Chemist: 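Sharing a structure, written as C-alpha coordinates. Questions coming.
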Amino acid sequence: MSQKVAGVKGMNDLLPGEIEIWQHVEAQARELFGRFGYGEIRTPMVEDTALFVRSVGEETDIVGKEMYTFNDKADRSLSLRPEGTAPAARAYIEHSIANQEPLTRWFYAGPMFRYERMKTGRYRQFYQIGAEAYGAKEGAQDVEMMDMVVQFLERLGLKDITLNINSLGDEVCRPTYHAKLVEYLQAHREALCGDCQKRMEKNPLRVLDCKNEKCQAIAAAGPNVLESLCEPCRAHFDDVQRKLTALGVRHVVNPRMVRGLDYYTRTVFEFIASHPALGTASTVGAGGRYDKLVKSLGGPDAPAVGFACGLDRLVLLLKESGQQFTVRPDVFVAVADAGSHDAALVLASRLRREGLRVEFDTRGGSLKSQMKRADKSSAEFTLVLGEAERTSGQAKLKPMAGGEPIPVALDEVARVVRERKVVSA
RNA sequence: GCGGCCAUAGCUCAACUGGUUAGAGCGCCGGACUGUGACUCCGGAGGUUGCCGGUUCGAUCCCGGUUGGCCGCCCCA
(Lines give C-alpha, C1' and ligand atoms only; values in the text may rest on other atoms or scores of the structure.)
Protein backbone atom coordinates (compact mmCIF):
# COMPACT_ATOMS: atom_id res chain seq x y z
CA MET A 1 0.00 0.00 0.00
CA SER A 2 1.16 3.52 -0.75
CA GLN A 3 2.08 6.06 1.86
CA LYS A 4 -1.02 8.07 2.74
CA VAL A 5 -0.94 11.71 1.72
CA ALA A 6 -1.33 14.36 4.40
CA GLY A 7 -1.98 18.09 4.52
CA VAL A 8 0.56 20.68 5.58
CA LYS A 9 0.95 21.27 9.32
CA GLY A 10 -1.06 24.22 10.51
CA MET A 11 -3.21 24.35 7.39
CA ASN A 12 -6.67 22.88 7.60
CA ASP A 13 -9.38 21.59 5.32
CA LEU A 14 -12.87 23.01 5.75
CA LEU A 15 -15.58 20.51 4.89
CA PRO A 16 -19.38 20.53 4.73
CA GLY A 17 -20.70 20.48 8.27
CA GLU A 18 -18.24 23.14 9.33
CA ILE A 19 -17.97 25.31 6.24
CA GLU A 20 -21.52 26.58 6.81
CA ILE A 21 -20.31 28.45 9.88
CA TRP A 22 -17.57 30.12 7.87
CA GLN A 23 -20.01 31.03 5.13
CA HIS A 24 -22.35 32.49 7.71
CA VAL A 25 -19.67 34.67 9.26
CA GLU A 26 -18.50 35.88 5.87
CA ALA A 27 -22.05 36.56 4.71
CA GLN A 28 -22.78 38.58 7.85
CA ALA A 29 -19.61 40.60 7.36
CA ARG A 30 -20.30 41.31 3.69
CA GLU A 31 -23.83 42.43 4.37
CA LEU A 32 -22.96 44.58 7.37
CA PHE A 33 -19.80 46.13 5.98
CA GLY A 34 -21.78 47.00 2.87
CA ARG A 35 -24.19 48.95 5.06
CA PHE A 36 -21.25 50.95 6.33
CA GLY A 37 -20.18 51.72 2.76
CA TYR A 38 -17.18 49.41 2.60
CA GLY A 39 -16.40 47.84 -0.77
CA GLU A 40 -14.71 44.49 -1.05
CA ILE A 41 -11.19 44.13 -2.41
CA ARG A 42 -9.30 40.99 -3.30
CA THR A 43 -5.56 41.26 -3.56
CA PRO A 44 -3.09 38.47 -4.34
CA MET A 45 -1.97 36.18 -1.56
CA VAL A 46 1.61 36.76 -2.65
CA GLU A 47 3.38 40.12 -2.52
CA ASP A 48 6.85 41.48 -2.93
CA THR A 49 8.67 40.66 0.33
CA ALA A 50 9.78 44.27 0.64
CA LEU A 51 6.17 45.41 1.10
CA PHE A 52 5.97 43.66 4.45
CA VAL A 53 9.49 44.50 5.48
CA ARG A 54 8.74 48.19 4.99
CA SER A 55 5.30 48.20 6.59
CA VAL A 56 5.02 45.54 9.26
CA GLY A 57 8.64 46.10 10.23
CA GLU A 58 11.84 44.19 9.67
CA GLU A 59 12.37 43.76 13.39
CA THR A 60 9.02 42.12 14.07
CA ASP A 61 8.79 38.36 14.48
CA ILE A 62 6.13 38.32 11.78
CA VAL A 63 8.55 39.52 9.16
CA GLY A 64 11.78 38.28 10.68
CA LYS A 65 10.77 34.75 11.60
CA GLU A 66 7.29 33.87 10.45
CA MET A 67 6.90 34.81 6.80
CA TYR A 68 6.72 32.22 4.05
CA THR A 69 9.32 33.79 1.78
CA PHE A 70 10.64 32.31 -1.44
CA ASN A 71 12.23 33.35 -4.71
CA ASP A 72 10.32 32.96 -7.94
CA LYS A 73 11.88 31.80 -11.20
CA ALA A 74 13.07 35.33 -11.97
CA ASP A 75 14.73 35.39 -8.55
CA ARG A 76 12.34 37.95 -7.08
CA SER A 77 11.78 37.62 -3.33
CA LEU A 78 8.07 37.04 -2.73
CA SER A 79 6.14 36.32 0.46
CA LEU A 80 2.79 34.85 1.32
CA ARG A 81 0.91 37.70 2.95
CA PRO A 82 1.10 37.54 6.77
CA GLU A 83 -1.57 40.25 7.14
CA GLY A 84 -3.96 42.31 5.06
CA THR A 85 -3.26 45.97 5.75
CA ALA A 86 -0.04 46.28 3.77
CA PRO A 87 -1.43 44.65 0.60
CA ALA A 88 -4.52 46.88 0.79
CA ALA A 89 -2.35 49.96 1.19
CA ARG A 90 -0.25 48.84 -1.77
CA ALA A 91 -3.38 48.54 -3.90
CA TYR A 92 -4.64 51.91 -2.67
CA ILE A 93 -1.37 53.50 -3.74
CA GLU A 94 -0.94 51.57 -6.97
CA HIS A 95 -4.39 52.49 -8.27
CA SER A 96 -4.05 56.17 -7.20
CA ILE A 97 -7.29 55.93 -5.30
CA ALA A 98 -6.51 59.09 -3.34
CA ASN A 99 -6.71 61.12 -6.55
CA GLN A 100 -10.14 59.74 -7.32
CA GLU A 101 -11.96 60.14 -4.02
CA PRO A 102 -11.17 61.77 -0.69
CA LEU A 103 -12.43 58.99 1.55
CA THR A 104 -12.09 55.28 0.77
CA ARG A 105 -13.58 52.36 2.66
CA TRP A 106 -12.47 48.84 1.79
CA PHE A 107 -12.84 45.42 3.34
CA TYR A 108 -11.30 42.06 2.57
CA ALA A 109 -11.63 38.44 3.67
CA GLY A 110 -9.13 35.73 3.02
CA PRO A 111 -6.23 33.59 4.16
CA MET A 112 -3.05 34.91 5.76
CA PHE A 113 0.12 32.92 6.38
CA ARG A 114 2.52 32.87 9.30
CA TYR A 115 4.97 30.16 10.25
CA GLU A 116 3.99 29.89 13.90
CA ARG A 117 3.75 27.28 16.62
CA MET A 118 0.37 25.65 16.11
CA LYS A 119 -2.34 25.63 18.73
CA THR A 120 -6.03 26.23 19.20
CA GLY A 121 -7.01 29.39 17.33
CA ARG A 122 -3.55 29.75 15.80
CA TYR A 123 -2.86 28.27 12.41
CA ARG A 124 -0.22 28.75 9.76
CA GLN A 125 -2.86 29.45 7.19
CA PHE A 126 -5.48 31.46 9.01
CA TYR A 127 -8.30 33.68 7.87
CA GLN A 128 -8.97 37.32 8.51
CA ILE A 129 -11.83 39.61 7.72
CA GLY A 130 -10.65 43.16 7.89
CA ALA A 131 -11.37 46.68 6.76
CA GLU A 132 -9.40 49.80 6.00
CA ALA A 133 -10.52 53.43 5.74
CA TYR A 134 -8.24 55.90 3.99
CA GLY A 135 -8.46 59.68 3.97
CA ALA A 136 -10.01 60.50 7.34
CA LYS A 137 -7.78 61.56 10.19
CA GLU A 138 -10.80 62.32 12.39
CA GLY A 139 -11.60 60.23 15.42
CA ALA A 140 -15.05 59.69 13.98
CA GLN A 141 -13.50 57.27 11.50
CA ASP A 142 -11.88 55.23 14.28
CA VAL A 143 -15.19 55.14 16.09
CA GLU A 144 -17.20 54.21 13.03
CA MET A 145 -14.90 51.29 12.49
CA MET A 146 -15.06 50.05 16.07
CA ASP A 147 -18.83 50.40 15.93
CA MET A 148 -18.84 48.25 12.80
CA VAL A 149 -16.94 45.50 14.58
CA VAL A 150 -19.27 45.74 17.57
CA GLN A 151 -22.28 45.35 15.30
CA PHE A 152 -20.57 42.50 13.48
CA LEU A 153 -19.98 40.58 16.70
CA GLU A 154 -23.53 41.35 17.81
CA ARG A 155 -24.96 39.91 14.62
CA LEU A 156 -22.98 36.75 15.16
CA GLY A 157 -24.56 36.51 18.59
CA LEU A 158 -21.18 36.55 20.33
CA LYS A 159 -21.17 37.71 23.93
CA ASP A 160 -18.53 38.49 26.52
CA ILE A 161 -16.18 40.33 24.23
CA THR A 162 -14.45 43.40 25.61
CA LEU A 163 -13.23 46.33 23.55
CA ASN A 164 -9.89 47.67 24.79
CA ILE A 165 -8.57 50.94 23.43
CA ASN A 166 -5.39 52.92 23.78
CA SER A 167 -3.38 55.57 21.97
CA LEU A 168 0.23 55.11 20.99
CA GLY A 169 0.78 58.74 20.00
CA ASP A 170 2.31 60.00 16.79
CA GLU A 171 5.73 60.90 15.39
CA VAL A 172 5.86 63.88 17.75
CA CYS A 173 5.10 62.29 21.10
CA ARG A 174 5.91 58.65 20.53
CA PRO A 175 9.71 59.09 20.44
CA THR A 176 9.56 61.14 23.63
CA TYR A 177 7.52 58.52 25.42
CA HIS A 178 9.72 55.81 24.01
CA ALA A 179 12.80 57.47 25.46
CA LYS A 180 11.16 58.03 28.82
CA LEU A 181 10.07 54.42 28.98
CA VAL A 182 13.50 53.05 28.10
CA GLU A 183 15.12 55.29 30.68
CA TYR A 184 12.67 54.08 33.33
CA LEU A 185 13.13 50.43 32.35
CA GLN A 186 16.91 50.78 32.41
CA ALA A 187 16.64 51.86 36.01
CA HIS A 188 14.69 48.69 36.82
CA ARG A 189 16.56 46.41 34.49
CA GLU A 190 17.56 43.92 37.15
CA ALA A 191 13.98 43.27 38.24
CA LEU A 192 12.70 42.51 34.74
CA CYS A 193 12.35 39.01 33.35
CA GLY A 194 14.87 37.81 30.80
CA ASP A 195 12.49 38.32 27.90
CA CYS A 196 11.81 41.88 28.96
CA GLN A 197 15.49 42.71 29.23
CA LYS A 198 15.68 41.83 25.54
CA ARG A 199 12.42 43.62 24.73
CA MET A 200 13.81 46.76 26.29
CA GLU A 201 16.29 47.00 23.44
CA LYS A 202 14.20 45.70 20.60
CA ASN A 203 10.64 46.78 21.37
CA PRO A 204 10.28 48.39 24.80
CA LEU A 205 6.52 48.84 24.44
CA ARG A 206 6.23 45.08 24.65
CA VAL A 207 7.38 45.16 28.26
CA LEU A 208 4.04 46.79 29.02
CA ASP A 209 2.01 43.69 28.21
CA CYS A 210 4.44 41.11 29.58
CA LYS A 211 2.65 38.35 31.50
CA ASN A 212 5.26 38.18 34.23
CA GLU A 213 3.88 39.64 37.45
CA LYS A 214 7.02 41.52 38.40
CA CYS A 215 7.23 43.09 34.97
CA GLN A 216 3.57 44.06 35.18
CA ALA A 217 4.14 45.79 38.49
CA ILE A 218 7.12 47.67 37.12
CA ALA A 219 5.25 48.65 33.98
CA ALA A 220 2.25 49.82 35.99
CA ALA A 221 4.43 52.12 38.07
CA GLY A 222 6.26 53.50 35.05
CA PRO A 223 5.44 56.24 32.57
CA ASN A 224 1.96 56.02 31.07
CA VAL A 225 1.56 56.44 27.29
CA LEU A 226 -1.63 58.40 27.64
CA GLU A 227 -0.02 60.93 29.97
CA SER A 228 2.77 61.40 27.48
CA LEU A 229 0.60 62.19 24.48
CA CYS A 230 1.16 65.50 22.74
CA GLU A 231 -1.78 67.88 22.66
CA PRO A 232 -3.16 66.89 19.22
CA CYS A 233 -2.96 63.19 20.09
CA ARG A 234 -4.54 63.82 23.47
CA ALA A 235 -7.42 65.67 21.81
CA HIS A 236 -7.81 62.97 19.20
CA PHE A 237 -8.01 60.23 21.79
CA ASP A 238 -10.46 62.22 23.93
CA ASP A 239 -12.61 62.69 20.86
CA VAL A 240 -12.58 58.97 20.13
CA GLN A 241 -13.65 58.13 23.67
CA ARG A 242 -16.38 60.76 23.70
CA LYS A 243 -17.81 59.50 20.42
CA LEU A 244 -17.67 55.87 21.52
CA THR A 245 -19.64 56.83 24.57
CA ALA A 246 -22.12 58.77 22.45
CA LEU A 247 -22.69 55.63 20.39
CA GLY A 248 -23.07 53.59 23.51
CA VAL A 249 -20.06 51.45 22.63
CA ARG A 250 -18.72 50.00 25.84
CA HIS A 251 -14.96 50.06 26.05
CA VAL A 252 -12.05 49.91 28.46
CA VAL A 253 -9.06 52.22 28.26
CA ASN A 254 -5.95 50.11 28.64
CA PRO A 255 -2.78 52.20 28.54
CA ARG A 256 -0.65 49.07 28.49
CA MET A 257 -2.10 47.59 25.31
CA VAL A 258 0.40 47.70 22.47
CA ARG A 259 0.62 46.46 18.92
CA GLY A 260 2.86 43.95 17.24
CA LEU A 261 3.00 45.72 13.93
CA ASP A 262 5.18 48.79 13.62
CA TYR A 263 2.90 50.95 11.51
CA TYR A 264 0.31 51.84 14.13
CA THR A 265 -0.07 55.42 15.39
CA ARG A 266 -2.55 57.01 17.76
CA THR A 267 -5.64 54.85 18.32
CA VAL A 268 -5.23 51.13 18.76
CA PHE A 269 -7.98 48.73 19.78
CA GLU A 270 -8.52 45.10 20.49
CA PHE A 271 -11.60 42.92 20.94
CA ILE A 272 -10.92 40.28 23.56
CA ALA A 273 -13.22 37.31 24.17
CA SER A 274 -13.36 35.75 27.60
CA HIS A 275 -14.52 32.30 26.45
CA PRO A 276 -12.15 29.66 27.87
CA ALA A 277 -12.16 27.63 24.64
CA LEU A 278 -9.92 30.22 23.02
CA GLY A 279 -7.26 29.97 25.72
CA THR A 280 -4.51 32.45 24.98
CA ALA A 281 -5.94 33.09 21.51
CA SER A 282 -8.54 35.37 23.03
CA THR A 283 -8.07 38.36 20.74
CA VAL A 284 -10.76 38.00 18.09
CA GLY A 285 -10.22 41.35 16.45
CA ALA A 286 -7.63 44.10 16.54
CA GLY A 287 -6.78 47.26 14.71
CA GLY A 288 -5.81 50.84 14.89
CA ARG A 289 -4.76 53.96 13.09
CA TYR A 290 -1.76 54.11 10.77
CA ASP A 291 -1.50 57.67 9.52
CA LYS A 292 2.03 57.39 8.16
CA LEU A 293 2.00 54.01 6.48
CA VAL A 294 0.63 54.97 3.08
CA LYS A 295 3.14 57.77 2.67
CA SER A 296 6.02 55.60 3.85
CA LEU A 297 5.19 53.13 1.09
CA GLY A 298 5.55 55.88 -1.49
CA GLY A 299 1.90 56.90 -1.60
CA PRO A 300 0.08 60.12 -0.75
CA ASP A 301 -0.02 61.49 2.79
CA ALA A 302 -3.26 59.65 3.55
CA PRO A 303 -4.28 59.00 7.14
CA ALA A 304 -5.89 55.61 7.65
CA VAL A 305 -7.41 53.27 10.19
CA GLY A 306 -8.13 49.58 9.94
CA PHE A 307 -8.82 46.34 11.75
CA ALA A 308 -8.81 42.61 11.22
CA CYS A 309 -10.84 39.86 12.85
CA GLY A 310 -9.53 36.35 13.23
CA LEU A 311 -12.12 34.31 11.39
CA ASP A 312 -10.84 31.01 12.79
CA ARG A 313 -11.45 32.29 16.30
CA LEU A 314 -14.91 33.65 15.55
CA VAL A 315 -15.81 30.25 14.11
CA LEU A 316 -14.44 28.57 17.23
CA LEU A 317 -16.70 30.75 19.36
CA LEU A 318 -19.71 30.03 17.16
CA LYS A 319 -19.07 26.30 17.45
CA GLU A 320 -19.06 26.71 21.22
CA SER A 321 -22.31 28.65 21.06
CA GLY A 322 -24.10 25.59 19.68
CA GLN A 323 -25.90 27.54 16.97
CA GLN A 324 -26.83 25.49 13.90
CA PHE A 325 -26.00 26.72 10.43
CA THR A 326 -26.63 23.76 8.17
CA VAL A 327 -29.25 24.26 5.50
CA ARG A 328 -31.80 21.45 5.13
CA PRO A 329 -33.08 20.13 1.82
CA ASP A 330 -36.71 20.98 1.06
CA VAL A 331 -37.63 17.71 -0.59
CA PHE A 332 -36.18 14.25 -0.92
CA VAL A 333 -37.41 12.56 -4.09
CA ALA A 334 -37.57 8.79 -3.60
CA VAL A 335 -38.18 6.23 -6.33
CA ALA A 336 -40.65 3.41 -5.69
CA ASP A 337 -39.79 1.22 -8.68
CA ALA A 338 -36.88 1.02 -11.09
CA GLY A 339 -39.14 2.05 -13.96
CA SER A 340 -39.72 5.44 -12.35
CA HIS A 341 -36.07 6.36 -11.87
CA ASP A 342 -35.81 8.50 -14.98
CA ALA A 343 -39.05 10.29 -14.18
CA ALA A 344 -37.77 11.03 -10.68
CA LEU A 345 -34.55 12.47 -12.05
CA VAL A 346 -36.63 14.72 -14.29
CA LEU A 347 -38.86 15.76 -11.38
CA ALA A 348 -35.87 16.56 -9.16
CA SER A 349 -34.34 18.63 -11.92
CA ARG A 350 -37.55 20.60 -12.42
CA LEU A 351 -38.00 21.28 -8.71
CA ARG A 352 -34.42 22.54 -8.47
CA ARG A 353 -35.03 24.85 -11.42
CA GLU A 354 -38.09 26.09 -9.56
CA GLY A 355 -35.91 26.97 -6.60
CA LEU A 356 -36.19 24.06 -4.18
CA ARG A 357 -33.31 22.30 -2.50
CA VAL A 358 -33.80 18.72 -3.64
CA GLU A 359 -32.05 15.51 -2.59
CA PHE A 360 -32.18 12.53 -4.88
CA ASP A 361 -30.25 9.28 -4.58
CA THR A 362 -28.83 8.74 -8.04
CA ARG A 363 -27.92 5.17 -7.10
CA GLY A 364 -31.54 4.15 -6.73
CA GLY A 365 -31.90 1.27 -4.28
CA SER A 366 -34.80 0.02 -2.23
CA LEU A 367 -37.46 2.47 -1.17
CA LYS A 368 -36.64 1.69 2.40
CA SER A 369 -33.00 2.62 2.02
CA GLN A 370 -34.03 5.80 0.22
CA MET A 371 -36.32 6.69 3.12
CA LYS A 372 -33.43 6.24 5.48
CA ARG A 373 -31.35 8.54 3.38
CA ALA A 374 -34.19 11.03 3.32
CA ASP A 375 -34.22 10.94 7.09
CA LYS A 376 -30.45 11.38 7.34
CA SER A 377 -30.55 14.26 4.90
CA SER A 378 -32.91 16.09 7.30
CA ALA A 379 -35.15 16.99 4.37
CA GLU A 380 -38.46 18.70 5.24
CA PHE A 381 -40.50 16.44 2.98
CA THR A 382 -40.16 13.21 1.10
CA LEU A 383 -42.02 12.64 -2.15
CA VAL A 384 -42.28 9.05 -3.36
CA LEU A 385 -42.53 8.69 -7.12
CA GLY A 386 -43.66 5.41 -8.60
CA GLU A 387 -45.86 4.07 -11.32
CA ALA A 388 -49.04 5.11 -9.50
CA GLU A 389 -47.91 8.74 -9.17
CA ARG A 390 -46.71 8.89 -12.75
CA THR A 391 -50.07 7.61 -13.98
CA SER A 392 -52.24 9.83 -11.79
CA GLY A 393 -50.05 12.90 -11.73
CA GLN A 394 -50.74 13.01 -8.00
CA ALA A 395 -48.27 12.36 -5.18
CA LYS A 396 -47.91 12.93 -1.44
CA LEU A 397 -45.48 15.13 0.41
CA LYS A 398 -44.55 13.36 3.58
CA PRO A 399 -43.45 15.72 6.36
CA MET A 400 -40.38 14.03 7.85
CA ALA A 401 -40.95 15.61 11.24
CA GLY A 402 -44.28 13.79 11.49
CA GLY A 403 -47.85 14.57 10.51
CA GLU A 404 -50.24 13.68 7.74
CA PRO A 405 -48.92 13.40 4.17
CA ILE A 406 -50.04 16.27 1.97
CA PRO A 407 -51.66 15.35 -1.36
CA VAL A 408 -50.13 17.33 -4.19
CA ALA A 409 -50.25 17.42 -7.97
CA LEU A 410 -46.81 16.72 -9.44
CA ASP A 411 -46.75 20.10 -11.18
CA GLU A 412 -47.66 21.92 -7.96
CA VAL A 413 -44.92 20.54 -5.72
CA ALA A 414 -42.72 23.63 -5.56
CA ARG A 415 -45.65 25.90 -4.74
CA VAL A 416 -47.01 23.63 -2.03
CA VAL A 417 -43.61 23.09 -0.44
CA ARG A 418 -43.08 26.84 -0.24
CA GLU A 419 -46.49 27.38 1.34
CA ARG A 420 -45.97 24.72 3.95
CA LYS A 421 -42.50 25.98 4.78
CA VAL A 422 -43.84 29.47 5.39
CA VAL A 423 -46.50 28.07 7.70
CA SER A 424 -44.05 25.93 9.65
CA ALA A 425 -41.49 28.72 9.90
C1' G B 1 12.47 29.02 18.94
C1' C B 2 11.93 26.99 24.59
C1' G B 3 9.39 23.78 28.42
C1' G B 4 5.50 20.04 29.43
C1' C B 5 1.33 16.48 28.13
C1' C B 6 -0.84 13.21 24.54
C1' A B 7 -1.45 9.60 20.11
C1' U B 8 -6.01 2.67 19.88
C1' A B 9 -12.11 1.97 14.32
C1' G B 10 -14.89 7.85 10.84
C1' C B 11 -15.94 10.10 16.28
C1' U B 12 -15.66 9.51 21.95
C1' C B 13 -13.10 5.98 24.72
C1' A B 14 -11.81 0.53 26.89
C1' A B 15 -8.06 -3.48 27.14
C1' C B 16 -6.25 -6.31 35.03
C1' U B 17 1.59 -4.19 36.84
C1' G B 18 4.05 -6.69 28.41
C1' G B 19 0.76 -12.49 27.44
C1' U B 20 -3.43 -15.94 22.56
C1' U B 21 -8.32 -13.98 17.33
C1' A B 22 -7.50 -5.37 20.50
C1' G B 23 -13.46 -4.29 22.62
C1' A B 24 -17.89 -0.88 23.48
C1' G B 25 -21.05 3.31 22.39
C1' C B 26 -22.14 6.59 18.47
C1' G B 27 -21.76 6.76 13.18
C1' C B 28 -21.80 3.86 8.44
C1' C B 29 -23.99 -0.45 5.39
C1' G B 30 -27.70 -4.40 5.26
C1' G B 31 -31.93 -7.10 7.31
C1' A B 32 -36.51 -7.87 10.67
C1' C B 33 -43.56 -5.58 6.27
C1' U B 34 -41.26 -7.30 -1.42
C1' G B 35 -44.47 1.30 -1.76
C1' U B 36 -42.22 4.44 3.47
C1' G B 37 -37.54 7.00 7.59
C1' A B 38 -37.25 7.88 13.09
C1' C B 39 -37.87 4.06 18.26
C1' U B 40 -36.60 -1.29 18.94
C1' C B 41 -34.17 -5.94 17.56
C1' C B 42 -30.55 -8.75 14.49
C1' G B 43 -26.36 -8.92 11.32
C1' G B 44 -22.07 -6.73 8.65
C1' A B 45 -17.99 -3.76 7.15
C1' G B 46 -14.20 -0.92 9.35
C1' G B 47 -7.62 -1.20 13.22
C1' U B 48 -0.51 -4.17 10.26
C1' U B 49 -2.76 0.26 18.20
C1' G B 50 0.42 7.54 13.97
C1' C B 51 5.32 6.10 11.76
C1' C B 52 10.57 3.99 12.31
C1' G B 53 13.86 1.47 15.31
C1' G B 54 15.36 -0.84 20.17
C1' U B 55 14.71 -4.11 24.76
C1' U B 56 12.06 -8.99 25.26
C1' C B 57 10.38 -15.76 24.15
C1' G B 58 6.48 -12.15 23.33
C1' A B 59 5.16 -4.86 22.97
C1' U B 60 -1.11 -1.00 22.36
C1' C B 61 1.75 -1.16 27.13
C1' C B 62 8.85 -0.24 28.41
C1' C B 63 13.06 2.91 25.80
C1' G B 64 14.87 6.22 21.68
C1' G B 65 13.70 8.89 17.35
C1' U B 66 10.11 10.97 14.08
C1' U B 67 5.33 12.99 12.61
C1' G B 68 0.86 15.00 14.27
C1' G B 69 -2.35 17.19 18.17
C1' C B 70 -2.84 19.89 22.95
C1' C B 71 -1.07 23.35 27.21
C1' G B 72 2.28 27.33 28.87
C1' C B 73 6.31 30.82 27.12
C1' C B 74 7.70 33.70 22.76
C1' C B 75 4.78 36.07 19.18
C1' C B 76 0.03 37.32 17.64
C1' A B 77 -5.95 37.71 14.51
Side-chain angles (χ1 to χ4, degrees), chain A residues 1 3-4 6-12 15 17 56 59-66 82-85 109-130 149 193-196 198-199 202-203 206 209-212 257-261 269-273 276-288 306-317 332 334-340 359 361 363 365-379 381-389 395-402 405:
Chain A
M1 202 193 285
Q3 175 75 44
K4 216 199 272 185
V8 176
K9 182 184 171 88
M11 305 195 181
N12 303 314
L15 307 178
V56 177
E59 298 300 314
T60 62
D61 280 12
I62 292 178
V63 168
K65 301 178 183 172
E66 299 178 351
E83 57 100 51
T85 294
M112 306 294 163
F113 304 84
R114 293 181 197 172
Y115 191 87
E116 292 189 282
R117 191 86 160 109
M118 273 266 326
K119 56 200 326 181
T120 305
R122 299 186 63 174
Y123 312 103
R124 290 181 174 178
Q125 174 172 331
F126 61 106
Y127 295 80
Q128 289 191 329
I129 292 183
V149 180
C193 70
D195 283 328
C196 280
K198 286 179 211 149
R199 289 186 181 113
K202 201 171 153 192
N203 190 355
R206 276 288 170 196
D209 65 352
C210 178
K211 285 167 187 155
N212 182 295
M257 180 177 69
V258 300
R259 276 276 79 92
L261 292 70
F269 56 91
E270 213 167 281
F271 288 84
I272 300 170
L278 290 180
T280 52
S282 57
T283 300
V284 295
F307 80 89
C309 280
L311 194 38
D312 307 77
R313 295 175 184 180
L314 295 178
V315 168
L316 232 36
L317 288 175
F332 188 102
V335 188
D337 50 76
S340 300
E359 276 294 299
D361 193 333
R363 303 169 307 169
S366 71
L367 181 59
K368 189 181 199 63
S369 66
Q370 291 181 70
M371 288 306 292
K372 283 186 178 178
R373 277 198 62 75
D375 187 52
K376 298 269 163 46
S377 78
S378 74
F381 302 99
T382 295
L383 184 152
V384 176
L385 188 72
E387 202 177 337
E389 287 80 8
K396 283 178 180 162
L397 279 170
K398 175 169 182 152
M400 297 306 279

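It should be emphasised that the depicted structure is a prediction, and the values quoted were computed from it without experimental measurement. Labels below follow one simple rule: chain letters A, B, ... track the order of the sequence lines, proteins then strands, and each chain is numbered from 1.
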Chemist: Rounding to the closest angstrom, what is the interatomic distance between B:C26 and B:A22 at atom P?
Modeler: 22 Å
Chemist: Examine the base of B:C75 for any acceptor or donor lying under 3.5 Å from a partner atom in the side chain of A:Arg122, and report the outcome as yes or no.
Modeler: yes
Chemist: Strictly below 4.0 Å: does A:Thr120 bring a side-chain N or O up to OP1 or OP2 of B:C71?
Modeler: yes
Chemist: I'd like to know if A:Asp195 pairs up with A:Lys211 as an ion pair, taking the criterion as any Lys NZ or Arg NE/NH1/NH2 lying under 4.0 Å from an Asp or Glu carboxylate oxygen.
Modeler: no
Chemist: NA contact type, A:Tyr123, heavy-atom cut-off 4.0 Å: base, sugar-phosphate, or nothing?
Modeler: base
Chemist: Using only side-chain N and O atoms of A:Lys372, determine if any of them is under 4.0 Å from OP1 or OP2 of B:U36.
Modeler: no
Chemist: Given B:A77, B:C74, B:G35, identify the nucleotide with an atom nearest to the side chain of A:Ala286.
Modeler: B:A77
Chemist: Heavy atoms only, 4.0 Å cut-off, all strands: where does A:Ile62 land among base, sugar-phosphate and nothing?
Modeler: sugar-phosphate
Chemist: Tell me whether the side-chain N/O atoms of A:Arg117 come closer than 4.0 Å to OP1 or OP2 in B:G72.
Modeler: no
Chemist: Mind checking if A:Gly121 touches a base, just sugar-phosphate, or nothing, with heavy atoms under 4.0 Å?
Modeler: base
Chemist: Taking the P atom of each, how far is B:U8 from B:G69, in whole Å?
Modeler: 14 Å
Chemist: B:G72 phosphate, OP1 or OP2: any side-chain N/O from A:Lys119 under 4.0 angstrom?
Modeler: yes
Chemist: Any side-chain heavy atom of A:Leu278 sitting closer than 4.5 Å to one from A:Val284?
Modeler: yes
Chemist: Base of B:G35, side chain of A:Gln370 - is there a donor-acceptor contact under 3.5 Å?
Modeler: no
Chemist: Using the side-chain heavy atoms of A:Lys211, tell me which of these nucleotides is nearest: B:C33, B:C28, B:C75.
Modeler: B:C75
Chemist: With respect to the side chain of A:Val384, which nucleotide from B:G37, B:U36, B:A77 is positioned closest?
Modeler: B:U36
Chemist: Looking only at atom P, what distance separates B:C61 and B:C16, rounded to whole Å?
Modeler: 12 Å
Chemist: For A:Glu66, report the nucleic acid contact type (base, sugar-phosphate, nothing); a contact means any heavy atom under 4.0 Å.
Modeler: sugar-phosphate
Chemist: Any N or O donor-acceptor pair linking the side chain of A:Lys398 to the base of B:G37 at under 3.5 Å?
Modeler: yes
Chemist: A:Ser369 or A:Asp195: which one's nearest nucleotide on RNA chain B is closer to the 5' end?
Modeler: A:Ser369
Chemist: Any base atoms under 4.0 Å from A:Ala281, or only sugar-phosphate, or nothing? Heavy atoms, all strands.
Modeler: nothing
